[in-house]
Colleague: 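What follows is a structure written as structure tokens; I'll ask about it next.
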Amino acid sequence: MFSMTGAPLAAKKLLLAKCSRSIGASYFTSKSLHTNSENVVDFVISGGGMVGAAMACSLGNAPALKGKKIVLLEGAAEKESFTLTEKYSNRVCALSPATVDLLTDLGSWQEICNMRYQPVKRMQVWDSCSDSLITFSQADMTEDLAYIVENDVILASITARLNALGDRVDVRYRTQAKAVSLPTPVEDVASTESPFVRVHLENGETLQTRLLIGADGSNSLVRRSADCHTISWDYYQSAVVATLGISQMENNVAWQRFLPTGPIALLPLSNEFSSLVWSTTTEDAKNLLQLPDESFVDAVNDAYWHDRDKDSIAISLGQTFQGILNAAIPGGTSNRQLPPTVTDVVEGSRAMFPLSMVHSSEYVKPRIALIGDAAHRLHPLAGQGVNLGFGDVVCLTQVLVDAVQRGSDVGGLSHLLQYETQRQRHNLPVLLTIDGLQRLYGTKFSPFVIARSLGLQATNALDFVKNKIIQQAAV
Ligand SMILES: Cc1cc2nc3c(=O)[nH]c(=O)nc-3n(C[C@H](O)[C@H](O)[C@H](O)COP(=O)(O)OP(=O)(O)OC[C@H]3O[C@@H](n4cnc5c(N)ncnc54)[C@H](O)[C@@H]3O)c2cc1C
């Protein structure tokens, strides 16, 4: 792994750094399938976070994979029967409609509906340097853009479905993978080696598997053990999260203001509460955590309302451009709405998380596949991280089902490469766009402010472009 700071170079590396991999038939001959295979598990998923647990559930649900042995390893302890408390958790995700489709197929969206979620019907994003803005809403406000759900609720809903699968999935909590031994090509297999992947556990046990799925987060042991080429860089930012009391009659709008130090977002939880994700310099984040409650609330309101960053040239050019847009596209621009006033912060709800970008140029190796944050970690400004991970789950399940229906070995590199290609085609543009936005908005340099402000105004005026963006974010 290496780190870089230059975005263009990084983007190039992101796209080009593919190591050549042969299909390597010698891992997958019929001999390999019969070598010491009685105790071989078909799938081991390392990491039972939201994405790994969904993967286990998805494999366990697939009729074509009936009879396949599936093990899910999770280092943390099992949460004793989840009970929803009145107090909201400070960790939430904005789930896309495509994620809701997956969770519905798994039966866990129904569990979430029995707990709680808040639909987002409108989003307003604006620039503190020029006040140029973009809004997204489904035309008639009957369809939802996204759903805000607490991470604990998402995981509990998937765990409930895993439990309902009974012994289809062997879920092992407090079980940490300690090391991974890669498969040995069949012709080289000596008595002590294996054509399968071996997962060595903290408790001394070793599992042999046809396919190891790494869902073990951004510092993935599976990714490091498989020596997957990875690029990463630090944003030198942290996200401050908190649960905030708000004054709003109907709370179904997500509000994001881009400040030069990073975006601040308010996501609706209920008519009384919203969830804060405020990305800022790590030093600022530390200060925000130390502030007394009242000063913290003042700081959040100030971040939404202050005029300190305004660039007069960008504003006057923006006003002229807006006049031209209004004449050219009557009714094409959306009205600005005012964000709610934050009234208080829920005690003990403040926390901070360091932000970085991590992307594995290789999502697969012989008998290994990476999903979720183990393959890609991104800035939370567009709320896409776990949605990309759930997209990986859908794609990998389909590829594995197809492989089994063709009678192929589930760890075969040829179909794993189909998974990698399909997901990288989807994930890379999202990663690059989010990284680009983070950099474009992280400056007060006038030419950049003018360019991005006029671009945002033009995009906001063109409904078909906005619809395209909504469609892209929904999948
Ligand atoms: C502030 C913030 C806001 C965010 N908001 C959004 C949002 O609105 N929408 C969105 O889509 N995404 C959002 N994200 C991103 C999202 O939280 C992540 O993408 C998601 O949590 C990744 O899930 P995961 O299951 O891949 O990894 P993780 O959540 O990191 O889970 C990994 C799991 O693997 C286990 N594990 C690790 N190593 C081992 C091992 N060796 N053996 C066994 N188990 C192991 C860990 O215990 C853990 O349970 C946000 C992120 C942040 C920081």
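Each ligand, and each atom within it, is numbered from 1 in the order the structure gives. It should be emphasised that the depicted structure is a prediction, and the values quoted were computed from it without experimental measurement.
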Colleague: Quick one: are Ile434 and Val430 in side-chain contact, heavy atoms under 4.5 Å?
Modeller: yes
Colleague: Between Ser218 and ligand 1, is there a nitrogen or oxygen pair with a distance under 3.5 Å?
Modeller: no
Colleague: Tell me, yes or no, whether the heavy-atom count around Asp167 atom CG, taken from other residues, nucleotides or ligands under 6.0 Å, exceeds 12.
Modeller: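 12 or below, so no.
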Colleague: Among all protein non-hydrogen atoms, which one is nearest to atom 19 (O) of ligand 1, and what is the separation to 0.1 Å?
Modeller: Asp373 OD1, 2.8 Å
Colleague: Once the angle between the rings of His379 and Tyr235 is folded into 0 to 90°, is it parallel (under 30°), tilted (30 to 60°) or perpendicular (over 60°)?
Modeller: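 His379 and Tyr235: perpendicular rings.
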Colleague: N/O of Gly385 under 3.5 Å from N/O of ligand 1, yes or no?
Modeller: yes
Colleague: So is Ala215 in contact with ligand 1, going by heavy-atom distances below 4.0 Å?
Modeller: yes
Colleague: At less than 4.0 angstrom from any non-hydrogen atom of Gly372, what atoms of ligand 1 do you find?
Modeller: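 Those of ligand 1 that fall under 4.0 Å from Gly372 are 26 (O).
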Colleague: Going through the checks in order, is the side-chain contact (heavy atoms from CB on, under 4.5 Å) test met by Asn61 and Asp105?
Modeller: CA-CA 9 Å; Asn61 259 345; Asp105 287 348; over 6 Å; no
Colleague: How close does the nearest protein non-hydrogen atom get to atom 48 (C) of ligand 1, and which residue and atom is it?
Modeller: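 Residue, atom and distance for the closest contact: Glu74 OE1, 3.6 Å.
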Colleague: Identify the protein heavy atom lying closest to atom 30 (O) of ligand 1, giving its residue, its atom name and the separation to 0.1 Å.
Modeller: Gly217 CA, 3.5 Å
Colleague: Measuring from the heavy atoms of Asn219, does anything fall under 4.0 Å of ligand 1?
Modeller: no
Colleague: Just to confirm, does any protein heavy atom lie below 4.0 Å from atom 41 (N) of ligand 1?
Modeller: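 Looking at atom 41 (N) of ligand 1, one finds that a protein heavy atom does lie closer than 4.0 Å.
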Colleague: Between Asn90 and Ser349, does any side-chain donor sit less than 3.5 Å from a side-chain acceptor?
Modeller: no
Colleague: Taking the side chain as everything from C-beta on, heavy atoms only, tell me whether Lys68 gets closer than 4.5 Å to Val404.
Modeller: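 Yes, their side chains come closer than 4.5 Å.
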Colleague: Taking N or O atoms only and a 3.5 Å limit, does Arg377 qualify as a polar contact for ligand 1?
Modeller: no
Colleague: Ignoring hydrogens and angles, state whether a donor on the side chain of Thr243 or Ser275 is under 3.5 Å from an acceptor on the partner side chain.
Modeller: no
Colleague: Show the atoms of ligand 1 that are less than 4.0 angstrom away from any heavy atom in Asn387.
Modeller: 11 (O)
Colleague: Check whether more than 12 heavy atoms from other residues, nucleotides or ligands sit under 6.0 Å from atom CD of Glu347, and answer yes or no.
Modeller: no
Colleague: Under a 4.0 angstrom heavy-atom cut-off, which atoms of ligand 1 come close to Thr175?
Modeller: 43 (C)
Colleague: Taking the side chain as C-beta and beyond, is there a heavy-atom pair between Leu72 and Leu162 under 4.5 Å?
Modeller: yes
Colleague: Taking the minimum heavy-atom distance to atom 5 (N) of ligand 1, which of Leu378, Leu201, Val92 ranks first?
Modeller: Val92
Colleague: Could you tell me how the ring of His359 sits relative to the ring of His376: parallel (under 30°), tilted (30 to 60°) or perpendicular (over 60°)?
Modeller: parallel
Colleague: Output yes when the distance from some N or O of ligand 1 to some N or O of Ala239 is under 3.5 Å, and no in every other case.
Modeller: no
Colleague: Has ligand 1 got any nitrogen or oxygen that is less than 3.5 angstrom from a nitrogen or oxygen of Val241?
Modeller: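 Checking ligand 1 against Val241, no N or O pair falls under 3.5 Å apart.
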Colleague: How far is atom 33 (C) of ligand 1 from the closest protein heavy atom, and which atom is that?
Modeller: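 The closest one turns out to be Gly49 N, 3.6 Å.
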Colleague: Based purely on interatomic distance, does Leu355 place a nitrogen or oxygen under 3.5 Å from a nitrogen or oxygen of ligand 1?
Modeller: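 N/O-N/O distance under 3.5 Å: no.
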Colleague: Report yes or no: do Gln118 and Arg116 form a side-chain donor-acceptor pair below 3.5 Å?
Modeller: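 No, no side-chain donor-acceptor contact under 3.5 Å.
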Colleague: Looking only at protein heavy atoms, which one is nearest to atom 23 (O) of ligand 1, and how far off is it?
Modeller: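 For atom 23 (O) of ligand 1, the nearest protein heavy atom comes out as Val51 CG2, 3.9 Å.
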Colleague: Heavy atoms only: which of Asp216, Val277, Val149, Ile154 is nearest to atom 38 (N) of ligand 1?
Modeller: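 Of the listed residues, Asp216 has the closest heavy atom.
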Colleague: Looking at atom 44 (N) of ligand 1, what's its closest protein heavy atom, distance included?
Modeller: Gly75 N, 3.1 Å
Colleague: Considering residues, nucleotides and ligands other than Glu283, do more than 12 of their heavy atoms fall under 6.0 Å from its CD?
Modeller: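 Check fails, neighbour count at 12 or below.
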Colleague: Is Arg367 close enough and on-axis enough to Phe196, meaning under 6.0 Å and within 45°, for cation-pi?
Modeller: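 No, a cation-pi geometry is absent between Arg367 and Phe196.
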Colleague: Looking only at side chains, do Asp435 and Trp233 share a donor and an acceptor under 3.5 Å apart?
Modeller: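 Yes, Trp233 and Asp435 have a side-chain donor paired with an acceptor closer than 3.5 Å.
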Colleague: Should you measure from each heavy atom of Pro380, which atoms of ligand 1 turn up under 4.0 Å away?
Modeller: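 Taking each heavy atom of Pro380 in turn, ligand 1 has 2 (C), 3 (C), 4 (C) under 4.0 Å.
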Colleague: From atom 6 (C) of ligand 1, work out which of Gly47, Cys93, Ala53 has a heavy atom at the shortest distance.
Modeller: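 The nearest heavy atom belongs to Cys93.
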Colleague: Write out the residue and atom name of the closest protein heavy atom to atom 12 (N) of ligand 1, then the distance separating them to 0.1 Å.
Modeller: Val386 N, 3.1 Å
Colleague: Checking contacts here: is it the side chain or the backbone of Ala94 that comes within 4.0 Å of ligand 1, counting heavy atoms only? Could be both or neither.
Modeller: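 Near ligand 1, Ala94 shows its backbone as well as its side chain.
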Colleague: Would you say Asn151 has any N or O atom under 3.5 Å from an N or O of ligand 1, going by distance alone?
Modeller: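 Between Asn151 and ligand 1 (N or O atoms, distance only) the closest approach is not under 3.5 Å.
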Colleague: Considering only the protein, which heavy-atom contact is closest to atom 9 (N) of ligand 1, and what is its distance?
Modeller: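 It is Gly383 O, 3.1 Å.
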Colleague: Using the side-chain hydrogen bond (donor to acceptor under 3.5 Å, both in side chains) rule, collect all pairs that involve residues 173-183, keeping only residues at least two apart or in two chains.
Modeller: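 Of all non-adjacent pairs touching residues 173-183, those that pass side-chain hydrogen bond (donor to acceptor under 3.5 Å, both in side chains) are Ser181-His200.
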Colleague: Between Arg91, Met50, Arg172, Met55, flag the one that comes closest to atom 51 (C) of ligand 1 by a heavy atom.
Modeller: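 Nearest option to atom 51 (C) of ligand 1, by heavy atoms: Arg91.
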Colleague: Just to check, does Lys178 reach to within less than 4.0 Å of ligand 1 when the distance is taken from its heavy atoms?
Modeller: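 Contact check Lys178 vs ligand 1: negative.
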Colleague: Keeping to residues at least two apart or across chains, list the ring pair (Phe, Tyr, Trp, His ring centres under 6.0 Å) pairs with something in residues 237-270.
Modeller: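 Passing the test, one end in residues 237-270: Phe258-Tyr441.
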